[in-house]
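Order of the sequence lines fixes the chain letters, A, B, ..., with proteins taken first and strands second; residue numbering starts at 1 for each chain. Values reported hereafter were calculated over all heavy atoms of this structure, with side chains retained and with hydrogens, waters and symmetry mates removed.
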Amino acid sequence: MQDPIDTRTVQRIRRALLAWYAHNARDLPWRRTRDPYAVWVAEILLQQTRIDQGTPYFERFLAAFPTVEALARAQEDAVLKLWEGLGYYARARNLHRAARLVAFERGGRFPETAEAWQALPGIGRYTAGAIASIAFNEAVPVLDGNVKRVLARVFDIAAPIDQAATESRLWTLAGALVPPRRPGDFNQAMMELGATVCTPKTPSCAACPLRTLCEAAARGTQAERPVKGKKPATPHYEIVVAAIEKNGRFLLGKRPPSGLLGGLWEFPGGKVQAREAHEQALKREIREELGVEIRVGGLAAVVKHAYSHFKVTLNVYRCTIESGTPRPVAHSELKWVSRAQFGRYAFPKANLKFIGVL
DNA sequence: AAATCGGGGGT
DNA sequence: ACCCCAGATTT
C-alpha cells in the first residue's frame, strides 16, 4: 500500500512550508487576485512553461481578454496571435473552447470544485487542483514537476517518478499534506520551494525549511532524486520551405485545427526525402500541398529549430508560381499576404526566425 | 505505457 | 547536447 505518513510529520511540513512561504513568496501578477478566470488563465499558460517566460503573456492575455466573456467572444485567430511564440498551442485552443463553454453554456458561472474544473478541455488533475485550491479554497493537492521533485527528496523516493505507480503514490502523498485551512497557499508554497530552493541541480539545502525532515538530505541522496526514465533520441529532419511571391504578396497556409502548430499560419513546405535534391523536394511538396507548379529561385534563409520530439533545418527558397491556382489541400485556408500584414498572423517560431529577411 | 505537443533557459 | 519547466490529450 502507501507509506502511512505520521501526522506529526504532516504538521511539521505544513507549518514549516507555510511560514517559509509567508516570507519568500514571489510577487507574481496572478497572486494579486483570486479571480477564478485570472487564476485559470495563469495555470494554463504556465503548463510546462517557466514563470519568467509566461508572465508577459499573462499580462497581455488579460489585457486583451479581461473576462471569460471577452475570451469567449474572441476569434480563435486572435487568441492564437496572443499565444504566438509560447508553444503548445492546444492550450490556447482548449482554453478558448472552455471559455465559450463557461460563458455560453454555463451562463458565465465557473465550476467550483476540482472535479468540475477537470471536466473542461485542457484542464487535467494538476490544473483543476490548482484552480480549486487557490481560487475556491478546496483542500485538493497539486502535483507538478516542482512538487514531484520536492516529494521525491523529502521522502527519498528511489522509484522513477514518471511511472504510473510512483505518480499515484506521489498524488497520495501530496493529498495527505494539503492542509484544510490554506490549501492554495500550501500548494503554491510547494511549487515555490521546488522552483527556488529544491531545484533540479545543486539544490540550496542550507536554505530549505524542510531541511531537518528531508530524508534525501539526511542520506545525502538529494542529487540523485528524483529518478527519471531516459528519453528517446530526437530525429532531425531537413525541411524545404517556399516563400512564393506574387505582386508583393506571399502565399500563407493556415495549418489544420489540431495537431502540431494547429491553427497557425505558415509558409508552405515539407520534408526532404532521402537522396532528394532540395529543388525537387520543394516542387513535389508544393504540388502535393497546393496543386501548383513552381519555379524555385534563390535560397533566402537557413534556420534551425527544435521541437519537443524532433529537430529541423528549414531551407527557405524564393519561389514563383509557374502554373495553376493554389488550393488548400494540406491547409484549412490559403491567403496572399503582404509583408506589412505579417504582424496580423500567428506564426510558428521557426517561421518568425526567417520572416524578417523576406 | 508511450507518443504527441513548443519554446526557452540553465548546466 | 541534454535537461527541465505551475501538463494534457491521444494512441
Side-chain angles (χ1 to χ4, degrees), chain A residues 25-26 28-31 39-58 80 83-95 97-98 117-135 141-150 160-168 170-171 174 184 186-196 198-203 223 226-236 255-256 258-264 266 304-312 346-353:
Chain A
R26 287 170 290 181
L28 303 174
W30 49 90
R31 287 184 178 163
V39 174
W40 175 16
V41 170
E43 291 301 337
I44 298 299
L45 182 140
L46 291 171
Q47 287 169 5
Q48 293 293 288
T49 303
R50 297 189 184 262
I51 301 287
D52 291 342
Q53 187 188 4
T55 298
Y57 282 85
F58 175 81
L80 287 172
W83 216 268
E84 182 186 54
L86 196 57
Y88 285 162
Y89 299 95
R91 293 182 294 173
R93 301 193 304 267
N94 284 333
L95 176 59
R97 261 209 299 156
W117 275 101
Q118 201 173 339
L120 293 174
I123 299 185
R125 189 170 177 184
Y126 162 79
T127 305
I131 300 170
S133 64
I134 295 169
V142 297
L143 188 67
D144 74 331
N146 292 308
V147 179
K148 286 181 182 175
R149 185 170 55 254
V150 170
I161 60 165
D162 38 16
Q163 284 182 0
T166 313
E167 192 153 321
S168 167
L170 290 169
W171 272 110
F186 179 84
N187 285 337
Q188 294 189 79
M190 287 284 283
M191 295 190 278
E192 194 85 339
L193 188 73
T196 63
C198 195
T199 48
K201 304 196 172 171
T202 61
V227 175
K228 301 187 99 173
K230 297 189 204 334
K231 285 163 195 165
T234 60
H236 178 274
R255 293 179 61 89
S258 66
L260 183 72
L261 307 168
L264 271 63
E266 68 174 4
K304 291 184 183 302
H305 192 71
Y307 289 91
S308 50
H309 56 297
F310 63 92
K311 288 177 271 203
V312 296
F347 288 100
K349 192 68 177 183
N351 278 222
L352 292 174
K353 285 179 177 176

For this session: Look at the side chain of Arg97(A) and the base of dA8(C), then say whether one donor and one acceptor between them are separated by less than 3.5 Å.
Result: no
Exercise. Rounded to whole angstrom units, what separation is found between the CG atom of Asn94(A) and the C1' atom of dT10(C)?
Worked result: 12 Å
Exercise. Can you tell me how far P in dA6(C) sits from the matching atom in dC5(B), rounded to whole Å?
Worked result: 23 Å
For this session: Remember a base hit wins even if backbone is also touched, and classify Ile44(A) as base, sugar-phosphate or nothing at under 4.0 Å, heavy atoms.
Result: nothing
Exercise. Is there a side-chain polar atom (N or O) of Tyr89(A) under 4.0 Å from OP1 or OP2 of dG7(B)?
Worked result: yes
Exercise. Is the distance from OP1 or OP2 of dG7(C) to the nearest side-chain N or O of Gln47(A) less than 4.0 Å?
Worked result: no
Problem set entry | Short N-O contact, Glu167(A) and Arg125(A), less than 4.0 angstrom | no
Exercise. Between Met190(A) (CE) and dA6(C) (P), how many Å, whole number?
Worked result: 14 Å
Problem set entry | Audit row: Asn94(A), Tyr88(A), side-chain contact (heavy atoms from CB on, under 4.5 Å) steps and yes/no | CA-CA 11 Å; Asn94(A) 284 333; Tyr88(A) 285 162; over 6 Å; no
Exercise. Atom CD1 of Ile131(A) to atom P of dG7(C): distance rounded to whole Å?
Worked result: 13 Å
Exercise. Where each residue is assigned the nucleotide of DNA chain C containing its nearest heavy atom, which of Leu120(A) and Leu28(A) is assigned the position nearer the 5′ end?
Worked result: Leu28(A)
Exercise. Expressed as a whole number of Å, how far does the C1' atom of dG9(B) sit from that of dA8(C)?
Worked result: 23 Å
For this session: Looking only at side-chain atoms of Leu46(A), point me to the closest of dC5(B), dC4(C), dA6(C).
Result: dA6(C)
Exercise. Tyr126(A) near the nucleic acid: base, sugar-phosphate alone, or nothing, with a heavy-atom cut-off under 4.0 Å?
Worked result: base
Problem set entry | Between P of dT9(C) and CD of Gln118(A), the distance in whole Å | 8 Å
For this session: For the pair Arg31(A) and Gln188(A), evaluate side chain to side chain donor-acceptor pair (under 3.5 Å) and give the outcome as yes or no after the intermediate values.
Result: CA-CA 10 Å; Arg31(A) 287 184 178 163; Gln188(A) 294 189 79; 2.9 Å; yes
Exercise. Base, sugar-phosphate alone, or nothing: which one does Thr127(A) contact when heavy atoms must sit under 4.0 Å apart?
Worked result: sugar-phosphate
For this session: Round to the nearest Å and state the distance from Leu143(A) atom CG to dC5(C) atom C1'.
Result: 14 Å
For this session: Have a look at Trp30(A) and say if it touches a base, only the backbone sugar-phosphate, or nothing, with a 4.0 Å heavy-atom cut-off.
Result: base
Exercise. Looking only at heavy atoms, what is the nearest atom pair of Pro160(A) and Thr166(A), with distance?
Worked result: O-OG1, 2.9 Å
Exercise. When you measure from the side chain of Arg50(A), which nucleotide among dC4(C), dA6(C), dG6(B) comes out closest?
Worked result: dC4(C)
Exercise. Nearest heavy-atom pair of Asn351(A) and Glu266(A): which atoms, and what distance?
Worked result: OD1-CA, 3.3 Å
Problem set entry | Complementary nucleotide of dG6(B), counting Watson-Crick and G-U pairs under 3.5 Å | none
Exercise. Taking atom C1' of dT9(C) as reference, at what distance in whole Å does atom CZ of Arg93(A) sit?
Worked result: 11 Å
Exercise. NA contact type, Gly262(A), heavy-atom cut-off 4.0 Å: base, sugar-phosphate, or nothing?
Worked result: nothing
Seminar exercise, completed: Atom NZ of Lys304(A) and atom P of dA1(C) are separated, to the nearest Å, by 10 Å
Problem set entry | Nearest heavy-atom neighbours spanning Trp30(A) and Thr55(A) | CH2-OG1, 3.6 Å
Problem set entry | C1'-based separation of dC5(C) from dA1(B) [nearest Å] | 22 Å
For this session: Just say parallel, tilted or perpendicular for the rings of His305(A) and Tyr307(A), cut-offs at 30° and 60°.
Result: perpendicular
Exercise. Considering only heavy atoms and no angle criterion, is a donor-acceptor pair shorter than 3.5 Å present between the side chain of Arg91(A) and the base of dC5(B)?
Worked result: no
Problem set entry | Asp52(A) CG to dA6(C) P, straight-line distance once rounded to whole Å | 9 Å
For this session: Look at His309(A) and dC5(B) and indicate whether a side-chain polar atom (N or O) is within less than 4.0 Å of OP1 or OP2.
Result: yes
Problem set entry | Phosphate contact (dC5(C) OP1 or OP2) by Arg149(A) side-chain N/O below 4.0 Å | yes
Exercise. Using a cut-off of 4.0 Å on non-hydrogen atoms, how would the nucleic acid contact of Leu45(A) be classed: base, sugar-phosphate, or nothing?
Worked result: nothing
Exercise. Starting at the 5' end of DNA chain B, which residue's closest nucleotide do you reach first, Leu264(A) or Gln163(A)?
Worked result: Gln163(A)
For this session: Could you tell me whether the phosphate oxygens of dG7(B), OP1 or OP2, come under 4.0 Å of any side-chain nitrogen or oxygen in His305(A)?
Result: yes
Exercise. Taking atom types as they are modelled, is there a donor-acceptor pair under 3.5 Å from the base of dG6(B) to the side chain of Thr49(A)?
Worked result: yes
For this session: Select base, sugar-phosphate, or nothing to describe what Ala164(A) touches, counting heavy atoms under 4.0 Å on all strands.
Result: sugar-phosphate
Exercise. Distance check: side-chain N/O of Lys231(A) vs OP1/OP2 of dC3(C), anything under 4.0 Å?
Worked result: no
